[in-house]
K.L.:
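Structure incoming, see below.
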Amino acid sequence: MVRVRFAPSPTGYLHIGNARTALFNYLFARKNSGKFILRIENTDTERSKKEYEESILEDLKWLGLSWEEGPDVGGPFGPYRQTERLQLYRDYANKLVSEGKAYRCWCTKEEIEKRRSSGDQQNSGYDNYCRNLSVSQISSFQAEGRNPVIRFRVPDKKVVVNDIIRGTVIFEAGTLNDFVIMKSNEIPTFHFAVVIDDLSMQITHVIRGEDHLSNTPKHILIFEALGCNPPAFAHMSMTLGTDRTRLSKRHGATSVRQYRENGYLAEAMFNYLALLGWSSKDNQEIFSKQQLIEEFSLQACNKSNAIFDPAKLLWLNALYIRKKSSSEIFEISLPFLEKAGYSKSELEQHKKIIEKVIDVEKEKLKTLQDIPERTGYFISEDISWNSEIEKKVKIPEFEKTLSEISDLLKTIEPFEKSVIEATIRRFCEERNLKCIEVFNPLRFVLTGQTKGAGLFEMIELIGKQRCIKRIENFLKLKTG
RNA sequence: GCCCCCAUCGACUAGCGGCCCAGGUCACCACUCUUUCAAGGUGGUAGCGCCGGUUCGAUUCCGGCUGGGGGCGCCA
C-alpha cells in the first residue's frame with residue numbers, strides 16, 4: 001500500500017512551489033490507489049501560526065486535493081501535528097542516546113562560531129566538540145545550568161540515496177557534522193521529526209523538493225540507527241521565478257491564495273502545476289484531474305528546475321473559464337462581484353441577466369476578476385463616459401444620427417438581437433452610412449466601452465428603455 | 001570553503017545513436033475571420049552552453065569546463 005504525505009510548515013500561506021509538491025504527492029497516491037496524508041510540521045514554535053495552518057488546509061482543498069489522514073480528519077497514525085507528538089520524538093531520542101548513537105551537547109552558538117572561525121580548517125559548522133566528553137566535563141556543564149541539545153553521532157561511511165527521479169546519489173557522511181536532533185527546549189529538529197513521523201506513519205514514498213536531497217543522508221542515517229529501512233525517495237525539481245532564482249515575493253504572486261483572490265480557477269492552477277516538471281508521453285497539455293491521475297508517473301518527472309510562467313497560467317485560466325457553463329461561472333464569481341460593490345440580493349435579483357452576460361462575454365475573460373467591469377453596464381441603470389476613450393470614436397454629425405437611432409429603437413418590437421440588427425443595418429443603408437462608422441460609436445454611447453460582446457446582443461440585454469435613456473443622457477451631456 | 005543536483009527555442013517540454021538541417025504548447029510577430037475586444041484558423045521568428053573523447057554516425061553515451069540551482073542552522 002502506497003502511503004505518501006505532504007508536510008507543510010504553517011509559517012505562511014501555501015506557496016506555489018509547495019502546492020506543486022502537494023499535487024505530485026496527491027497524483028502519485030491516487031494513481032497507485034494509495035493514501036495521501038497531511039501532516040503539519042510546526043516544530044518551529046517561533047514562526048508557526050494556527051491561522052496559517054487553517055489557510056493551508058483551505059487552499060489545498062480549494063485546489064482540489066483531498067487527504068485520507070490529517071490534522072482535521074484524524075486517522076490511525078495520528079496525531080498529525082508535530083507539536084502533539086513531542087513525547088514520541090523524546091522517546092526515540094533517548095533511545096538513541098542510550099545506545100550511544102546520539103549524545104548531549106552543551107555548546108552555545110557563540111562557542112561553536114568562535115571555534116570555527118579560529119580553526120585552521122575552512123570547515124563550516126559544528127566541530128563535534130561534545131562527542132566524547134568526560135564525566136567531569138559533563139557535570140561541570142550541568143552545574144552551569146546549561147540546557148543541552150541532542151546531536152546525532154554521524155558515522156564515517158558512504159550513504160547511498162536511490163532516488164526515483166535522480167537515480168543513485170552517493171554521499172560521504174564523514175563530511176557531515178554531528179547535527180542536532182533535539183533542540184534544548186526538547187522539541188525535535190526537522191531532520192529528526194520527519195524521520196520519526198515518516199517511520200511511524202508508515203510512509204512508503206517521500207516525494208519532496210530537491211532542496212532536501214542534500215539532507216537525505218541525514219535522514220537515512222537516522223533510519224539506519226533505528227534499525228529501519230528508509231522509504232523510497234523522489235526529489236522533484238524546484239520551482240523558480242522568471243529570473244531563475246527561488247520563487248519569492250519579488251516575482252509577484254507566489255501563494256495560491258493570491259491567485260485564488262486574483263480570479264484564477266482551481267482547475268487551471270491544478271493543470272498548470274502538473275505541467276511544471278512533468279509531461280505526458282504525447283505532450284498533452286490540457287488534462288482533467290482524472291486524466292492526470294491516470295497518466296502521472298514519477299519516472300516521467302523532469303530533473304531540471306522549472307520556471308513558473310504566469311503567462312501560461314493565465315492562458316490556461318482563460319481556457320478553463322471558456323469551458324465552464326455560465327451558471328458555474330456566476331457562482332464562483334460572486335465574491336468578485338460583491339467585492340466590486342454589488343450586494344448579495346442585487347446579484348441574486350440579476351442572476352439571469354448576469355448569466356446571459358457571462359455567456360456573451362465568456363470568451364473574453366482572462367480571470368474572474370474581469371467579470372465586474374464586463375458586466376457592470378448591464379446591471380447598473382446609468383453609466384458614465386470616459387472622455388479619453390471618447391476621443392477615439394468621434395464622428396461628425398453623430399449627435400443627429402444618434403437621436404434618430406434612439407427614435408428607431410423605440411419602434412423595435414420584439415426587442416431582440418436579430419430584429420435590432422436588421423433594423424439598424426437597414427437604417428445605415430438608407431442613410432448611406434458605413435456600418436462600422438455607426439456601430440462603434442453606438443457601442444461606446446451605450447456601454448461606455450470600446451470593447452465587448454456583439455453589439456446587438458448587448459443592446460438586447462441592456463434593454464430598450466435603458467438604451468434610449470443612455471442615448472438621451474449622452475446627448476444631454478453633449479449639447480450642454 | 002566543502003558536498004549534491006541540473007543543462008534542448010524567452011518559458012514549459014518531446015527526444016532515450018542514424019527517423020532531427022530537432023517536434024508540441026505558452027509568449028511574441030504577421031496574415032486571416034470580424035460591428036469592437038477576444039476567441040478561432042494559417043504561417044513565422046527562435047533552441048541542442050563549451051571543449052575533448054567513444055562511434056561509420058552524436059541533441060542523445062563518457063570526461064572536463066562553464067553556467068544555473070540546492071545543501072552544509074537549537075528554520076523547515
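Order of the sequence lines fixes the chain letters, A, B, ..., with proteins taken first and strands second; residue numbering starts at 1 for each chain. Just so you know, these numbers come straight off a predicted model, no measurement behind them.
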K.L.:
On a whole-Å scale, what distance lies between the C1' atoms belonging to rG18(B) and rU59(B)?
P.N.:
13 Å
K.L.:
Go through residues 269-277 of chain A and report each residue with a non-hydrogen atom lying under 4.0 Å from RNA chain B, sorted by number.
P.N.:
Leu275(A), Leu276(A), Gly277(A)
K.L.:
Could you run down the sub-3.5 Å N/O contacts of the protein with nucleotides 6-8 of chain B?
P.N.:
none

K.L.:
Tell me, please, which residues at least two apart from Ala225(A) pass side chain to side chain contact (heavy atoms under 4.5 Å, CB included).
P.N.:
Leu96(A), Lys101(A), Phe152(A)
K.L.:
Between rC26(B) and rA46(B), how far apart are the two C1' atoms, rounded to whole Å?
P.N.:
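Here rC26(B) and rA46(B) have their C1' atoms 14 Å from each other.
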K.L.:
Using both distances under 3.5 Å as the test, list the Watson-Crick or G-U wobble partner of rC28(B), or none.
P.N.:
rG44(B)
K.L.:
Specify the separation, in whole Å, of atom NE2 of His235(A) and atom P of rC5(B).
P.N.:
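After rounding, the gap between these two atoms is 12 Å.
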K.L.:
Take Glu210(A) and Arg166(A), measure what salt bridge (charged side-chain N to carboxylate O under 4.0 Å, His left out) needs, and give me the verdict at the end.
P.N.:
CA-CA 10 Å; Glu210(A) 196 218 80; Arg166(A) 275 151 221 287; 3.4 Å; yes
K.L.:
Name the one of Thr254(A), Asp211(A), Thr239(A) that satisfies side chain to side chain donor-acceptor pair (under 3.5 Å) with Arg246(A)?
P.N.:
Asp211(A)
K.L.:
Hey, what are the protein-to-nucleotides 23-29 of chain B N/O distances that come in under 3.5 Å?
P.N.:
unit_1	atom_1	unit_2	atom_2	d
rG23(B)	N2	Asn283(A)	ND2	2.5
rG24(B)	N2	Glu285(A)	OE2	3.2
rU25(B)	O2'	Glu285(A)	OE1	3.2
rU25(B)	O2	Lys312(A)	NZ	3.1

K.L.:
Taking rG52(B) as the reference, what is the distance to rC16(B) when you measure between their C1' atoms (whole Å, please)?
P.N.:
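Their C1' atoms lie roughly 23 Å apart.
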K.L.:
Sort me out a list of protein N/O and nucleotides 72-76 of chain B N/O pairs below 3.5 Å, or just none if empty.
P.N.:
unit_1	atom_1	unit_2	atom_2	d
rC72(B)	O2	Ser124(A)	OG	3.3
rC74(B)	O2	Ser184(A)	N	3.0
rC74(B)	O2	Ser184(A)	OG	2.7
rC74(B)	N3	Ser184(A)	OG	3.1
rC74(B)	N4	Cys107(A)	O	3.4
rC75(B)	OP2	Lys183(A)	NZ	3.0
rC75(B)	O2'	Asp44(A)	OD2	2.6
rC75(B)	O2'	Arg47(A)	NH2	3.2
rA76(B)	OP1	Thr43(A)	O	3.4
rA76(B)	OP1	Thr43(A)	OG1	2.7
rA76(B)	OP1	Asp44(A)	N	3.3
rA76(B)	OP1	Lys183(A)	NZ	2.8
rA76(B)	OP2	Phe190(A)	N	3.1
rA76(B)	O3'	Glu41(A)	O	3.4
rA76(B)	O3'	Glu41(A)	OE1	3.2
rA76(B)	N6	His191(A)	NE2	3.4
rA76(B)	N6	Asn215(A)	ND2	3.4

K.L.:
Verify the contact: side-chain N or O of Arg322(A) to OP1 or OP2 of rA38(B), cut-off strictly under 4.0 Å; return yes or no.
P.N.:
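Answer no for this pair, as no side-chain N or O of Arg322(A) is under 4.0 Å from OP1 or OP2.
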K.L.:
Starting at CG of Leu442(A) and ending at P of rC37(B), how long is that distance when rounded to a whole Å?
P.N.:
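Rounded to the whole Å, the gap is 16 Å.
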K.L.:
Can you check the Ile220(A) CD1 to rG71(B) C1' distance for me, whole Å?
P.N.:
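Taking CD1 of Ile220(A) and C1' of rG71(B), I get 15 Å after rounding.
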K.L.:
Using Watson-Crick or G-U wobble geometry with both distances below 3.5 Å, tell me the partner of rC50(B), or none.
P.N.:
rG64(B)
K.L.:
Take Phe296(A) and Phe287(A), measure what ring pair (Phe, Tyr, Trp, His ring centres under 6.0 Å) needs, and give me the verdict at the end.
P.N.:
CA-CA 11 Å; Phe296(A) 185 79; Phe287(A) 290 93; over 10 Å; no
K.L.:
Do the side chains of Asp198(A) and Arg39(A) get close enough for a salt bridge, i.e. N-O under 4.0 angstrom?
P.N.:
yes
K.L.:
Could you check Leu313(A), Leu23(A), Asn317(A) and say which one makes a side-chain contact (heavy atoms from CB on, under 4.5 Å) with Met269(A)?
P.N.:
Leu313(A)
K.L.:
Could you tell me if Asp197(A) and Gln82(A) have a donor-acceptor pair between their side chains, going purely by distance under 3.5 Å?
P.N.:
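Distance-only check passes for Gln82(A) and Asp197(A).
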K.L.:
Is Arg374(A) near enough to rA38(B) that one of its side-chain N or O atoms lies under 4.0 angstrom from OP1 or OP2?
P.N.:
no
K.L.:
Can you see whether Arg208(A) engages Thr216(A) through a side-chain donor-acceptor pair at a distance of less than 3.5 angstrom?
P.N.:
yes
K.L.:
Cut-off 3.5 Å, side chains only: do Asn162(A) and Thr168(A) have a donor facing an acceptor?
P.N.:
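Distance-only check passes for Asn162(A) and Thr168(A).
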K.L.:
Looking only at side-chain N and O atoms, does Thr401(A) offer a donor or acceptor that is under 3.5 Å from a partner on Glu404(A)?
P.N.:
no
K.L.:
So which one's nearest nucleotide on RNA chain B is more toward 5', Leu319(A) or Ile307(A)?
P.N.:
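Per heavy-atom nearest nucleotide, the more 5' residue is Ile307(A).
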K.L.:
Would you say Arg208(A) places a side-chain N or O within less than 4.0 Å of OP1 or OP2 belonging to rG71(B)?
P.N.:
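Answer no for this pair, as no side-chain N or O of Arg208(A) is under 4.0 Å from OP1 or OP2.
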K.L.:
Any chance the side chains of Gln258(A) and Asn262(A) put a donor and an acceptor closer than 3.5 Å?
P.N.:
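On atom types as modelled, these side chains do not qualify, holding no pair under 3.5 Å.
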K.L.:
Measure the distance from CE on Met238(A) to C1' on rG70(B) and round it to the nearest whole Å.
P.N.:
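So the two atoms are 7 Å apart, to the nearest Å.
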K.L.:
Sticking with atom P, work out how far rG69(B) lies from rC75(B), rounded to a whole angstrom.
P.N.:
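It comes out at 26 Å once rounded to the nearest Å.
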K.L.:
Return the value, rounded to whole Å, for the distance between atom CG of Asn440(A) and atom C1' of rC37(B).
P.N.:
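Distance, rounded to whole Å: 10 Å.
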K.L.:
Can you check whether Gln449(A)'s main-chain N or O pairs, donor with acceptor, with Arg443(A)'s side chain at less than 3.5 Å?
P.N.:
no
K.L.:
Could you give the distance separating rG73(B) and rU25(B) at their P atoms, to the nearest angstrom?
P.N.:
47 Å
K.L.:
Tell me: CZ of Phe233(A) to P of rC5(B), nearest whole Å?
P.N.:
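Roughly 16 Å, once rounded to whole Å.
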K.L.:
Under a 3.5 Å cut-off for both contacts, is rC75(B) paired Watson-Crick or G-U wobble with anything, and if yes, with which nucleotide?
P.N.:
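The base-pairing partner of rC75(B), which may sit in any strand shown, does not exist here.
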K.L.:
Checking side-chain polar atoms at under 3.5 Å, does Asp178(A) have a donor or acceptor matched by the opposite partner on Tyr103(A)?
P.N.:
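Tyr103(A) and Asp178(A) do have a side-chain donor-acceptor pair below 3.5 Å.
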K.L.:
Expressed in whole Å, how much space separates the P atoms belonging to rA39(B) and rC28(B)?
P.N.:
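It works out to 9 Å between them.
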K.L.:
Quiz question: by atom type and distance under 3.5 Å, do the side chains of His191(A) and His219(A) form a donor-acceptor pair?
P.N.:
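Note: His191(A) and His219(A) side chains meet the donor-acceptor criterion.
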K.L.:
Distance only, no hydrogens: is a donor on one side chain within 3.5 Å (strictly under) of an acceptor on the other, for Thr175(A) and Glu172(A)?
P.N.:
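Distance-only check fails for Thr175(A) and Glu172(A).
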K.L.:
Shorter than 3.5 Å, N or O on both sides, protein versus nucleotides 46-48 of chain B: list them out with atom names.
P.N.:
none

K.L.:
Between the side chains of Thr83(A) and Asn42(A), does any donor sit under 3.5 Å from an acceptor?
P.N.:
yes
K.L.:
Roughly how far apart, to the nearest Å, are rG70(B) and rU13(B) at atom C1'?
P.N.:
22 Å
K.L.:
Which distance, rounded to the nearest 0.5 Å, do you find between the CD of Glu111(A) and the SG of Cys105(A)?
P.N.:
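If I round to the nearest 0.5 Å, the distance is 9.0 Å.
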K.L.:
Heavy atoms under 4.0 Å, any strand shown: does Arg443(A) hit a base, just sugar-phosphate, or nothing?
P.N.:
base
K.L.:
Could you check whether Ser200(A) and Arg85(A), counting side-chain N and O atoms only, form a donor-acceptor pair closer than 3.5 Å?
P.N.:
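Yes - a donor-acceptor pair under 3.5 Å links their side chains.
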K.L.:
So if I take every side-chain heavy atom of Lys451(A) and compare against rC37(B), rG70(B), rC4(B), which nucleotide ends up nearest?
P.N.:
rC37(B)
K.L.:
Can you tell me, in whole Å, how much space there is between the C1' of rC9(B) and that of rG57(B)?
P.N.:
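Result for the C1' pair: 25 Å, nearest Å.
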